[in-house]
There are 2 protein chains.
Amino acid sequence: MSEERAELLKGTLDMLILKIAALGPIHGYGIAQRIQQISRDFFQLQQGSLYPALHRLEDRGWLKAEWKVTETGREGKFYSLTRKGRKQLQSEVENWKKLTGAVALILRTAE
Amino acid sequence: MSEERAELLKGTLDMLILKIAALGPIHGYGIAQRIQQISRDFFQLQQGSLYPALHRLEDRGWLKAEWKVTETGREGKFYSLTRKGRKQLQSEVENWKKLTGAVALILRTAE
DNA sequence: GGCGTATAGGTAGAATAGCGAGGTATTATG
DNA sequence: CATAATACCTCGCTATTCTACCTATACGCC
């Protein structure tokens with residue numbers, strides 16, 4: 001019954017991954033670490049969510065991947081945004097702002 | 001290919017319904033209308049989402065329902081928050097703030 | 001040398017949410 | 001009398017996320 005569950009990300013995952021990848025080529029494992037660090041441990045991205053998401057984004061033509069060697073000397077799949085991915089990120093951010101704005105309107109409603 | 005799709009609510013639906021119901025007993029159809037109005041048409045709650053959600057919230061003991069007659073003279077199922085529902089709403093709002101805060105941190109990250 | 005941990009990749013199956021499409025019935029309006 | 005709006009509902013599909021697994025390599029430590 002201990003409620004220490006790892007906080008989940010409701011549909012924002014794609015946007016967050018695209019945003020991190022937009023900062024420069026980065027491998028999957030690194031994306032998860034970055035998201036966790038920047039969010040101050042709020043988001044704890046599971047590998048079972050991470051990798052399927054990366055493949056999904058690649059399939060949709062928003063990310064492209066390239067195998068390279070990391071600083072730590074192992075093989076890693078480095079992802080970067082395509083032009084389509086950059087557009088997608090823009091539109092997702094825009095929609096996110098509208099959505100949070102709409103939610104705020106409702107939450108602000110007084111009794 | 002016209003992109004006039006009805007905007008969706010990513011996991012915020014329960015919170016929004018609870019919030020509207022917290023304003024006073026209201027029937028399902030009215031909840032959908034209110035959400036749409038207050039959000040300035042951003043959220044267009046479909047009935048196929050609405051009613052299953054209401055039943056879900058009732059099953060979990062967050063809403064209680066009562067049949068009454070509406071102002072327009074028909075039968076309607078009026079929902080109001082239980083004590084548990086009030087707690088749930090509080091915690092969902094709190095979590096929502098944390099989540100949007102965490103997302104903001106990541107989106108704010110400069111190139 | 002051997003062991004554990006962190007790093008790096010992945011899959012499979014289950015649960016869940018939301019949506020589209022369909023249905024019923026009543027009241028109001030032209 | 002037909003249509004729109006109100007009010008309730010269900011079924012089946014899809015997409016997303018999670019849990020639980022699996023593999024392999026590099027590094028530090030005993």
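Just so we're clear, the structure is a prediction, and the values are computed from it rather than from any experiment.
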Summary of salt bridge (charged side-chain N to carboxylate O under 4.0 Å, His left out) pairs that have at least one residue in residues 21-32 of chain A, sequence neighbours excluded
none
[X] side, atom [atom1]; [Y] side, atom [atom2] - distance, nearest 0.5 Å:
X: B/I17; Y: B/L81; atom1: CD1; atom2: CG; result: 11.0 Å
X: A/L89; Y: A/W96; atom1: CG; atom2: CH2; result: 13.5 Å
X: B/Q46; Y: B/L13; atom1: CD; atom2: CG; result: 11.0 Å
X: A/R86; Y: A/S91; atom1: CZ; atom2: OG; result: 14.0 Å

May I have the step-by-step check of side chain to side chain contact (heavy atoms under 4.5 Å, CB included) for B/M15 and A/L107, ending in yes or no?
CA-CA 9 Å; B/M15 180 175 68; A/L107 293 186; 4.2 Å; yes
Could you tabulate the donor-acceptor pairs under 3.5 Å formed by side-chain atoms of residues 18-28 of chain B, not counting sequence neighbours?
unit_1 : atom_1 : unit_2 : atom_2 : d
B/K19  : NZ     : A/T109 : O      : 3.2

Counting only non-hydrogen atoms, which of residues 97-106 of chain A are less than 4.0 Å from DNA chain D?
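Going residue by residue through residues 97-106 of chain A, none turns out to have a heavy atom under 4.0 Å of DNA chain D.
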Between residues 49-71 of chain A and DNA chain D, which residues have a heavy-atom gap below 4.0 Å?
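Under 4.0 Å from DNA chain D: A/S49, A/R56, A/R60.
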Side-chain atoms of residues 54-66 of chain A: list all donor-acceptor pairs with protein atoms under 3.5 Å, sequence neighbours left out, distances to 0.1 Å.
unit_1 : atom_1 : unit_2 : atom_2 : d
A/H55  : ND1    : A/Y51  : O      : 3.3
A/R56  : NH2    : A/D14  : OD1    : 2.7

Using rotation axes that map the C1' atoms of four end pairs onto the next four (five pairs an end), what angle separates the end axes of the helix from C/dG1-D/dC30 to C/dG30-D/dC1, to 10°?
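It comes to 20° between the two terminal axes.
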Collect all protein-nucleotide pairs involving nucleotides 28-30 of chain C in which both atoms are nitrogen or oxygen and the distance is under 3.5 Å.
none

Can a side-chain donor-acceptor contact be found between A/E94 and A/Q90 if the only test is distance below 3.5 angstrom?
no
Take the protein atom [atom1] of [X] and the nucleotide atom [atom2] of [N], then report the distance between them rounded to whole Å.
X: A/E75; N: C/dG10; atom1: CD; atom2: P; result: 12 Å
X: B/E92; N: C/dA17; atom1: CD; atom2: P; result: 11 Å
X: B/Q46; N: C/dC19; atom1: CD; atom2: P; result: 6 Å
X: B/D14; N: C/dT16; atom1: CG; atom2: P; result: 13 Å
X: B/L45; N: C/dA17; atom1: CG; atom2: C1'; result: 13 Å

What residues from residues 26-38 of chain A pass a heavy-atom cutoff of under 4.0 Å to DNA chain C?
A/H27, A/G28, A/Y29, A/Q33
Common cluster, B/F78/B/L50, ILVMFWY with side-chain heavy-atom separation under 4.5 Å
no
Give one of base, sugar-phosphate or nothing for B/G48, where a contact means two heavy atoms less than 4.0 Å apart.
base
Mind checking if B/Q47 touches a base, just sugar-phosphate, or nothing, with heavy atoms under 4.0 Å?
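B/Q47: base contact, heavy atoms under 4.0 Å.
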Phosphate oxygens OP1/OP2 of C/dG10: is one of them under 4.0 Å from a side-chain N or O of A/K77?
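Result: yes.
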Tabulate below the donor-acceptor pairs under 3.5 Å that side-chain atoms of residues 67-76 of chain A make, not counting sequence neighbours, or state none.
unit_1 : atom_1 : unit_2 : atom_2 : d
A/T70  : OG1    : A/T72  : N      : 3.3
A/T70  : OG1    : A/T72  : OG1    : 2.8
A/T70  : OG1    : A/G73  : N      : 3.4
A/T70  : OG1    : A/R74  : N      : 3.3
A/T70  : OG1    : A/R74  : O      : 3.4

Per-pair distances, 0.1 Å, donor-acceptor, side chain in residues 30-40 of chain A, under 3.5 Å, sequence neighbours excluded:
unit_1 : atom_1 : unit_2 : atom_2 : d
A/Q36  : NE2    : A/D41  : OD1    : 3.2
A/S39  : OG     : A/I35  : O      : 2.8
A/S39  : OG     : A/Q36  : O      : 3.3
A/S39  : OG     : A/F42  : N      : 3.4
A/S39  : OG     : A/F43  : N      : 3.1

Would you name the heavy atoms of A/S49 and A/L45 that are closest together and state the gap between them?
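Scanning both residues completely, I find the closest heavy atoms to be CB-CD1, 3.9 Å.
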Pairwise side-chain contact, A/E92 with A/Q88, heavy-atom cut-off 4.5 Å (strictly under):
yes
Residues that B/R83 engages under side chain to side chain contact (heavy atoms under 4.5 Å, CB included), provided they are two or more places apart
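By the side chain to side chain contact (heavy atoms under 4.5 Å, CB included) rule, B/R83 matches no residue at all.
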Considering residues at least two apart in sequence or located in another chain, which fulfil the ring-ring contact (aromatic ring centres under 6.0 Å, His included) criterion with B/Y29?
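B/Y29 satisfies ring-ring contact (aromatic ring centres under 6.0 Å, His included) with no residue once adjacent residues are dropped.
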